Number of protein chains: 4
Amino acid sequence: MPKISEEKRRARQAQILEAATRCFARDGFHHTTMEEVVRESGLSPGAIYCYFRSKQEMVEAISAVRHARDQALLDELASAASLRKGLDRLALALVRMLEDAKEKQRRKVSIQFWAESLHDARIRKVAERGLRQRGGLTAALRTAQRSGELPAGVDVESLSRVLFALFQGFILQQAWEPGLDSGAYVRTAMALIKGILSKAAPAPRRKAAKAVTGLL
Amino acid sequence: MPKISEEKRRARQAQILEAATRCFARDGFHHTTMEEVVRESGLSPGAIYCYFRSKQEMVEAISAVRHARDQALLDELASAASLRKGLDRLALALVRMLEDAKEKQRRKVSIQFWAESLHDARIRKVAERGLRQRGGLTAALRTAQRSGELPAGVDVESLSRVLFALFQGFILQQAWEPGLDSGAYVRTAMALIKGILSKAAPAPRRKAAKAVTGLL
Amino acid sequence: MPKISEEKRRARQAQILEAATRCFARDGFHHTTMEEVVRESGLSPGAIYCYFRSKQEMVEAISAVRHARDQALLDELASAASLRKGLDRLALALVRMLEDAKEKQRRKVSIQFWAESLHDARIRKVAERGLRQRGGLTAALRTAQRSGELPAGVDVESLSRVLFALFQGFILQQAWEPGLDSGAYVRTAMALIKGILSKAAPAPRRKAAKAVTGLL
Amino acid sequence: MPKISEEKRRARQAQILEAATRCFARDGFHHTTMEEVVRESGLSPGAIYCYFRSKQEMVEAISAVRHARDQALLDELASAASLRKGLDRLALALVRMLEDAKEKQRRKVSIQFWAESLHDARIRKVAERGLRQRGGLTAALRTAQRSGELPAGVDVESLSRVLFALFQGFILQQAWEPGLDSGAYVRTAMALIKGILSKAAPAPRRKAAKAVTGLL
DNA sequence: TATGAATGAGATTTCATTCAT
DNA sequence: TATGAATGAAATCTCATTCAT
C-alpha cells in the first residue's frame, strides 16, 4: 500500500508545524508568507495544503501545541504533596525549560498568540482553555488554605492570578532579554510567594497532605 | 501656500491616531486595513498620507504613545517618600486606570506591541525604552535597600522584574477577562511585595526619603 | 471634487464589461483569466476590483446584459398589431441583428451562459427571467388564438417553446457557422409558422387587433 | 507484463467516463476537479491517468460519446420510407429518449459541449462532425423534394437548419425545465413541419422511397 | 497496472500607496 | 492640503498532473 502510514503522516505534519513555528518565531506570523513556510519546510505549497486547509488552520494548530506545552508545565507540578513542594517543582521546571534554546524561541510564538487571541475567535478559544486551567490552580490554593498552609485571609482567586502573572511577565521579559538571569528571577518570585505562606507549616496530617496533592 | 497651522496639524494627527487605535484595539493592526482607518477617521487615504508616510510609521507613533502612558503610570509614583508609600500610590493609580473603559481597550493595543516588538526593529526600539525604564526602578529599589526598607538579601534586579511581571501579567489577564476584580488583584500583589519588605521600616531619614524619590 | 462622475463611473464599468466580453467570446470565460481582462481593458487588477467584487460578479453582470439584449429583441416586437405582423418584425430584427459583427461575437457569450446556468445558481436566476419572458409570449399567442388568428387546436404553450427553439437553435448554428444564410433561415422558419396560422386571417376588428398588440 | 485484458480496459474506461459524465452534468466540467472524478469513479488519480492522458482527453472522449448518441438518434430514423414516416419515427424516438432520466442528465453535458466547442479546437472538431451530419439531412430533404413530398419552393438547406434548431432548442429548454411536456412539444413541432409538406403525398414509388431512406 | 502523496505553475484577490485633479 | 480612483506587487490557495512505491 503506498498509502502513507499514520506515523509518517504525523511526522510530515510535525515537519510543517516546526518549520512554521521557526518562521513565526523569527518574523511573526503576519509577516510570514506561506512561501516562507514552504521554503523552511522543504516541501511544496500543495503538500502543506494536504495537511492544513489554510494558513489560519496551521496557525491554530500551532496555537494548540503552544498552549498544550504551557499546560504541561503547570500540570507537571500537580503531583506535589504540598504547596511549598509544588512551588519548588515549578521553579525547577521553569529553569529547566529555559535551558532549551528552541523552547525559548517558541515562547515568542506564544506571545504572538496572546495578541492574536484578542481579536481572533478561534485562537481565543484555544487561549480560553488556558484560562480554565487557572481555575484548577485556584482550587488547589483553596485546598492549601483549608489545610492551613495558606493563611485564611488570602484571596485565592487573586493569588492564582498573581502566580499566572509572574509566569506570563517572565515569558515576556525573557523574550525581550534572552540573557536575563532566570534563576534569580525564579528565586525572587518564589521568595515572594513563600513570604505569604503560613509561617509555621501545619503538621501535614495524612489527610491534609493528600488534599494538597495535585495542587499547583 | 495652504499650510495649516501647527495646532490644526496636531489635531488632525491625533484624530488619525485615535481612529487607528480604535481599529487596532478592535481588530488588531494586521487585520486593520488603511481603508478601515480611513473610514474610522472620516478622512481620505491621501489625507492620512499627508501626516504619516506609511502605515508602519503610524503604528510606530501609536506605539510611542502607548509606551509613554505606561511610563507615566510608573513615573507618577516616582515622587513617593518611601517604597511602601510608592507601592500604595502605584496600586491606586492602577485601579484608577482600570475604570477608564477606553484605556482598557487601548491596553489591547499594547499587547499587540509586545508581540510586534519581537520581530519589528522599529517597534522594538520603542519597547526598549520601556526596558531601560526598569533600570530606573532597579536603582530605586537599591536605594530602598540601602535605606533599610528592603532587606539586604533581596536581588533588586529580579525584584524589579517581578514587579514588572505583575503589571504585565495583569494587563494581559484583564484583556482576556475584562470583568476581573482588579482591586483584589492589586491588593494581593501588594501584600506579596510588602511581605518581603523589612518588618520594621527604618526611620525614613530625609536623605533616604529623597533617594527613594522617583522610585517605582 | 476629484470624485468621479456617475457618467465616468458607468463608462469605466462598460469599458471593463466590454473588454471581458471580448475575452469571453474569444476564449470562454473559464479560460479567461483576470489578467487577460486586465490586459484587454487597459486597466489594472485593482481597478477592476473597484467595480466588481469578484470575477463571478463580473460574469453575472455580463450575463444580465446579455439577457437584457435577448429580451429587447423580443420586446421590440411586442407592439405589432397582429401575430402575422409581429412575426414579420421579429424576422426583420433578427436579420438586422446579424449584420452587427460585434453582436455576433457576443452571441457566443450567451451560449456559454446557457451552459453555465445549468449549475450556477446565480447565472440560472438571470436565465430564469428569460424563461418567464416566454410566459408573455404564450399569453400573446393565446390572445391571437381567441382572435381567430391562430387555430383553436394549437397548443400555445408548445408553440411558444417552438418559437424559442427556432431562435435558440439559430443562435447556436450561427455561432458555429458565422457565414450561414440567415435570411434564408428566417424566411423558412417564418414560412413554417405561418403555415399553421388560420388560412383566412380574421377580420382584425379593432378590439382583437388591440388585444394582439404587445404580442410576440 | 500486468497488461489487463482489452475487455477489462474498456470496462474501466467506461467506468471513468460515466463517473465523469455524472460529475460534469452535476457541476459542469470546469467546476469538476479530477479529485471529484476520482471520488465518483472509486478509482485513484493515477488509475485515471492510465486511461486518459489528461482531463482534456477525457472531456473529448465524452464529447465523442455524446455526439455519437445525437447522431444515433437521427440515424435511427434514416430507414424511413418517406419524410412523413421519418418524422413520425423521429418524434417517437425523441419522446422515448426523454423517459430516460439518466439521458436527461447527460443532455446537460451536451449543452456544455456546445459552449466549449466555440473556443476549444478539439471539441469543435467533434462538434463539426455533427454539422456534417446535417449535410446528410439536407441531401435527404432534397431527395424528398425531387420525389414531390416537399414542395419545390422550400429551401432544403434552411429547412434542415430549422429541424436542427427545433431539436437543439428543445434540448436546452428541457435542461432548464425538466418537467416540460415533451409530447406536446414534439406534436406541435411535427405539425409545423408537416404544414409545409406537399398536401397530397406523392405515390411513393420504389425509387423515391429508397432515396428518402437515411433521411432525417 | 494501481496508488495517492506530493508537485508547482498559475489563478484570484488584497491592500498599502500614489498622483492627477 | 485634500481627494479617491487607480496602481501593481505580493499573498493565499487550487488543482491537473507526476512518480516512487
Side-chain angles (χ1 to χ4, degrees), chain A residues 1-5 8-9 12 30-38 41-58, chain B residues 1-5 8-9 12 30-38 43-59, chain C residues 1-5 8-9 12 30-38 41-58, chain D residues 1-5 8-9 12 30-39 42-59:
Chain A
M1 281 149 269
K3 188 156 189 171
I4 215 169
S5 70
K8 271 219 161 144
R9 195 177 163 76
R12 269 267 185 275
H30 288 111
H31 296 104
T32 298
T33 66
M34 286 306 262
E35 202 193 331
E36 275 178 277
V37 176
V38 163
S41 68
L43 293 172
S44 63
I48 289 178
Y49 283 88
C50 280
Y51 293 89
F52 301 97
R53 286 217 287 269
S54 64
K55 188 187 178 185
Q56 168 74 9
E57 196 173 296
M58 202 176 69
Chain B
M1 279 135 275
K3 202 157 193 170
I4 57 172
S5 72
K8 263 215 163 155
R9 190 173 171 80
R12 272 265 190 270
H30 287 110
H31 297 105
T32 297
T33 65
M34 285 305 263
E35 201 195 329
E36 274 178 278
V37 176
V38 163
L43 295 173
S44 66
I48 288 178
Y49 280 86
C50 281
Y51 295 92
F52 299 96
R53 286 225 288 272
S54 64
K55 186 185 181 186
Q56 169 74 8
E57 199 174 292
M58 209 173 68
V59 168
Chain C
M1 279 149 269
K3 190 158 191 170
I4 214 168
S5 69
K8 271 218 160 146
R9 194 175 165 77
R12 270 265 186 274
H30 287 112
H31 297 103
T32 297
T33 66
M34 285 307 264
E35 203 193 330
E36 274 178 276
V37 176
V38 163
S41 68
L43 294 173
S44 64
I48 288 178
Y49 282 87
C50 281
Y51 293 88
F52 301 97
R53 286 217 288 270
S54 63
K55 188 186 179 185
Q56 169 73 9
E57 197 174 294
M58 203 176 69
Chain D
M1 279 140 275
K3 203 159 194 168
I4 56 172
S5 72
K8 264 215 161 153
R9 190 171 171 80
R12 272 266 192 271
H30 288 110
H31 297 105
T32 298
T33 65
M34 285 304 264
E35 201 195 330
E36 274 177 278
V37 177
V38 163
R39 210 182 2 253
L43 295 174
S44 65
I48 288 178
Y49 280 86
C50 281
Y51 295 92
F52 300 96
R53 287 224 288 270
S54 65
K55 188 186 180 185
Q56 169 74 7
E57 198 174 293
M58 209 173 68
V59 168

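Throughout, protein chains are lettered first and strands after them, A, B, ... in sequence-line order, and every chain is numbered starting at 1. A quick note: this is a predicted structure, and the numbers were derived from the prediction, not measured.
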Looking for any heavy atom pair under 4.0 Å, which part of the strands does C:Arg9 touch: base, sugar-phosphate only, or nothing? nothing
Applying a 4.0 Å non-hydrogen cut-off, can you work out what C:Phe52 is touching in the nucleic acid: base, sugar-phosphate, or nothing? nothing
Any side-chain N or O of D:Tyr51 under 4.0 Å from OP1/OP2 of E:dA2? yes
Counterpart residues, side chain to side chain contact (heavy atoms under 4.5 Å, CB included), relative to B:Thr32 (two or more places apart): B:Cys23, B:Phe24, B:Asp27, B:Glu36, B:Val37
The side chain to side chain contact (heavy atoms under 4.5 Å, CB included) partners of B:Tyr49 (sequence neighbours excluded) come to B:Met34
Starting at atom NZ of A:Lys8, determine the distance to atom P of E:dT3, rounded to an integer number of angstrom. 20 Å
In whole angstroms, how far is the C1' atom of F:dG8 from the CD1 atom of C:Ile48? 12 Å
Looking only at heavy atoms, the pair that brings A:Ser41 and A:Ile48 closest together is OG-CD1, 4.0 Å
What's the shortest heavy-atom distance between A:Glu57 and A:Phe52, and which atoms? OE2-CA, 3.9 Å
Residues in side chain to side chain donor-acceptor pair (under 3.5 Å) contact with C:Gln56, at least two apart in sequence or another chain: C:Glu60, C:Asp120
How long is the span from the CZ atom in B:Arg12 to the CG atom in B:Leu43, to the nearest 0.5 Å? 5.0 Å
Bracket notation of DNA chain E in which parentheses pair within the strand, [ ] cross earlier pairs, and | pairs with another strand (Watson-Crick or G-U, under 3.5 Å): .||||||||||||||||||||
Given the C1' atoms of F:dT21 and E:dT1, what is the spacing between them in whole Å? 13 Å
Encode nucleotides 11-18 of chain F as B, S and - characters from 5' to 3', where the letter depends on protein heavy atoms closer than 4.0 Å: B to the base, S only to sugar-phosphate, - to neither. SSBBBSBB
Could you tell me which residues satisfy salt bridge (charged side-chain N to carboxylate O under 4.0 Å, His left out) with B:Glu35, sequence neighbours excluded, listed by chain and number? B:Arg39
Check salt bridge (charged side-chain N to carboxylate O under 4.0 Å, His left out) between B:Arg9 and all other residues, then give those that pass, not counting sequence neighbours. none
